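Chain letters run A, B, ... following the sequence lines, proteins first, then strands; residues in each count from 1. This one's a predicted model, so the numbers in the text were calculated from it and none came from an experiment.
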Amino acid sequence: MRNPAENHPPPRRRSAVPGPRTAEMASLDPSSVLPILSIRRKLLLWYRKNGRDLPWRKTADPYRIWISEVMLQQTRVETALPYYRTFLRRFPTVQALAGASPDDVLKAWENLGYYSRARHLHEAARIVAERFAGRLPENVEELRKLPGVGGYTAGAIASIAFGKAVPAVDGNARRVLARLFAVTATVDRPAAARQLESLAERLVPESAPGAFNQALMDLASACCTPRKPACGVCPLRANCRARRDGTAEALPRRMKRARIPERQAVSAIVRDRRGRLLVVRRPGKGLLSSLWKLPGGFLRERETPEEGLIRTFREETGVESELLSRAGTVHHSYTHFRLILHVFTVRIVRGKPQPLLCREVRWSTSEELASLAFSKADRKAMDLDAFPPGLDKSARR
DNA sequence: GTCCTGGATC
DNA sequence: GATCCAGGAC
């Protein structure tokens with residue numbers, strides 16, 4: 001009947017409690033001790049057999065572990081994998097990353113999404129290089145002060161790279177914990193997040209905290225999946241309250257998300273006589289900051305794509321233009337809006353492009369385009385361009 | 001609330 | 001092909 005999730009031990013710093021806190025738990029409820037020990041043992045055993053073989057698990061280099069954890073924020077393992085390899089070939093050390101140009105770092109991040117991660121990572125690398133002589137701090141509090149390092153990432157680095165017995169609760173771990181302890185509170189509310197965090201804190205063993213934290217996440221991806229969890233083969237099935245209650249698939253509970261609005265935008269494909277493409281660089285803040293894009297922008301209410309194109313192209317670069325043809329439409333979806341992008345081929349009738357509402361304008365050859373960082377949506381838009389045959393060769397010379 | 005992309009599902 | 005969904009930091 002006792003649910004550890006409902007215990008609210010007085011908040012305390014972990015360091016105040018040496019060793020496993022089993023004595024305290026025992027004094028509260030003898031029956032709750034065994035599950036913790038049993039869960040740890042089973043999970044670690046399962047992990048030794050079934051843990052994924054990932055490159056960042058073959059290294060003890062805190063820098064590499066840090067890179068992997070930042071890449072894994074909001075990102076699947078399979079997606080991050082190739083980026084991890086190329087990023088580390090390119091920036092093998094904290095010093096290499098700290099000394100790189102922002103553009104190189106951004107390019108290495110192209111298509112990985114959430115580009116502020118790349119900016120923060122770069123900034124943090126400089127801090128680590130300058131203030132910490134290239135060594136990452138080892139404790140959660142100091143790690144958390146680095147840009148781009150929040151609670152989860154700090155816990156992951158501290159436990160995996162430095163063997164600290166701290167939890168690292170990401171969305172996967174939250175799912176496992178919510179089911180294991182039948183936490184029915186809405187997990188994206190702070191109260192429930194604290195509850196799960198405190199459960200994780202009690203579970204993490206002093207002996208192998210990094211392995212334990214990773215085991216929790218691997219279990220989440222291998223059998224404690226969001227839909228149709230494979231409870232039959234789960235090593236923790238005997239301990240799982242949700243399994244007992246038949247509520248595994250209903251947990252964790254989330255708030256239902258607001259409907260996502262739709263926004264319309266326009267993009268211009270403009271070529272010069274040599275076949276070079278006009279591209280502009282986005283501002284340093286906001287959506288896709290510092291990435292390159294085609295000229296254009298968001299439509300106003302009741303504005304037609306044609307009107308919007310002429311207006312946004314003028315506002316962004318100061319030129320007067322006319323439409324040549326419709327190149328097509330791109331649909332792309334962001335966290336908080338869906339984008340419908342109308343793409344036109346366009347001709348400049350007056351003026352020379354200036355960086356007015358953008359950081360930079362440039363006529364780019366296809367070779368140069370390959371070296372600039374664009375968002376997925378802009379790549380899609382550029383792919384709509386029916387390149388005039390014959391010009392391509394001259395553009396490359 | 002604002003940041004992105006890709007995979008699963010219909 | 002559209003829609004839903006998963007995944008942390010600020």
Could you check how far CG of A:Leu291 sits from C1' of B:dC3, rounded to whole Å?
-> 12 Å
Which one, C:dG7, C:dG8, B:dG6, comes nearest to the side chain of A:Arg254?
-> C:dG7
Spacing between A:Arg338 atom CZ and C:dC5 atom P, to the nearest angstrom | 12 Å
Check whether any side-chain N or O of A:Arg179 sits under 3.5 Å from a backbone N or O of A:Ala248 as a donor-acceptor pair, and report yes or no.
-> yes
Rounding to a whole Å, what distance do you find between A:His120:NE2 and C:dG8:C1'?
-> 12 Å
Taking the side chain of A:Gln74 as its heavy atoms from C-beta onward, which of B:dC4, C:dC5, C:dG8 lies nearest to it?
-> C:dG8
With respect to the side chain of A:Arg227, which nucleotide from C:dG7, C:dC5, B:dC4 is positioned closest?
-> C:dC5
Whole-Å distance, A:Leu339 CG to C:dT3 P, equals 14 Å
Report the C-alpha separation of A:Arg350 and A:Glu322 in whole Å, then their side-chain angles, then the decisive distance to 0.1 Å, and conclude whether the salt bridge (charged side-chain N to carboxylate O under 4.0 Å, His left out) test is met.
-> CA-CA 10 Å; A:Arg350 188 162 59 250; A:Glu322 67 181 26; over 6 Å; no
Considering only heavy side-chain atoms of A:Leu287, the closest of B:dC3, B:dG7, C:dA9 is B:dC3
Look at the side-chain N and O atoms of A:Asn172 and state whether any lies under 4.0 Å from the OP1 or OP2 oxygen of C:dG7.
-> yes
What's the closest nucleotide to the A:Gln73 side chain, out of B:dG6, C:dG7, C:dA9?
-> C:dA9
A:Thr153 side chain N/O closer than 4.0 Å to the phosphate oxygens (OP1, OP2) of C:dA9?
-> yes
Regarding the side chain of A:Lys376, the nearest nucleotide among B:dG6, C:dC10, C:dC5 is B:dG6
Using modelled atom types only, decide if a donor and an acceptor are shared between the side chain of A:Arg347 and the backbone of A:Leu324 within a distance under 3.5 Å.
-> no
Starting at atom OH of A:Tyr334, determine the distance to atom P of C:dC5, rounded to an integer number of angstrom.
-> 21 Å
Closest to the 5' end of DNA chain B, once A:Lys228 and A:Thr335 are matched to their nearest nucleotides, is A:Thr335
Nearest-Å distance, CD (A:Glu78) to P (B:dG6)?
-> 12 Å
Could you say whether A:Leu146 or A:Arg175 is positioned toward the 5' end of DNA chain C, judged by the nucleotide with the nearest heavy atom to each?
-> A:Arg175
Are the side chain of A:Thr345 and the backbone of A:Ser325 linked by a donor-acceptor contact shorter than 3.5 Å?
-> yes
Report yes if the distance between the aromatic ring centroids of A:Tyr334 and A:Phe337 is under 6.0 Å, otherwise no.
-> yes
Given B:dA8, C:dC10, B:dC3, the nucleotide with the shortest approach to the side chain of A:His336 | B:dC3
Nucleotide nearest A:Tyr115 when distance is taken to its side chain, options B:dG6, B:dC4, C:dG7 = B:dC4
With the side chain of A:Arg76 defined as its heavy atoms from C-beta on, choose the nearest nucleotide among C:dA6, C:dG8, B:dC4.
-> C:dA6
Side-chain donor or acceptor of A:Ser116 under 3.5 Å from a matching atom on the base of B:dC3?
-> no
With heavy atoms under 4.0 Å as the rule, sort A:Tyr114 into base, sugar-phosphate or nothing.
-> base
Reckon A:His331 touches a base, only the sugar-phosphate, or nothing at all at heavy-atom distances under 4.0 Å?
-> nothing
Nearest-angstrom distance from the residue atom CG of A:Leu72 to C1' of C:dA6 | 14 Å
For A:Glu303 and A:Arg300, indicate whether the former's side chain and the latter's backbone hold a donor-acceptor pair under 3.5 Å.
-> yes
Atom-to-atom span, CG of A:Leu106 to C1' of B:dC3 - whole angstrom | 14 Å
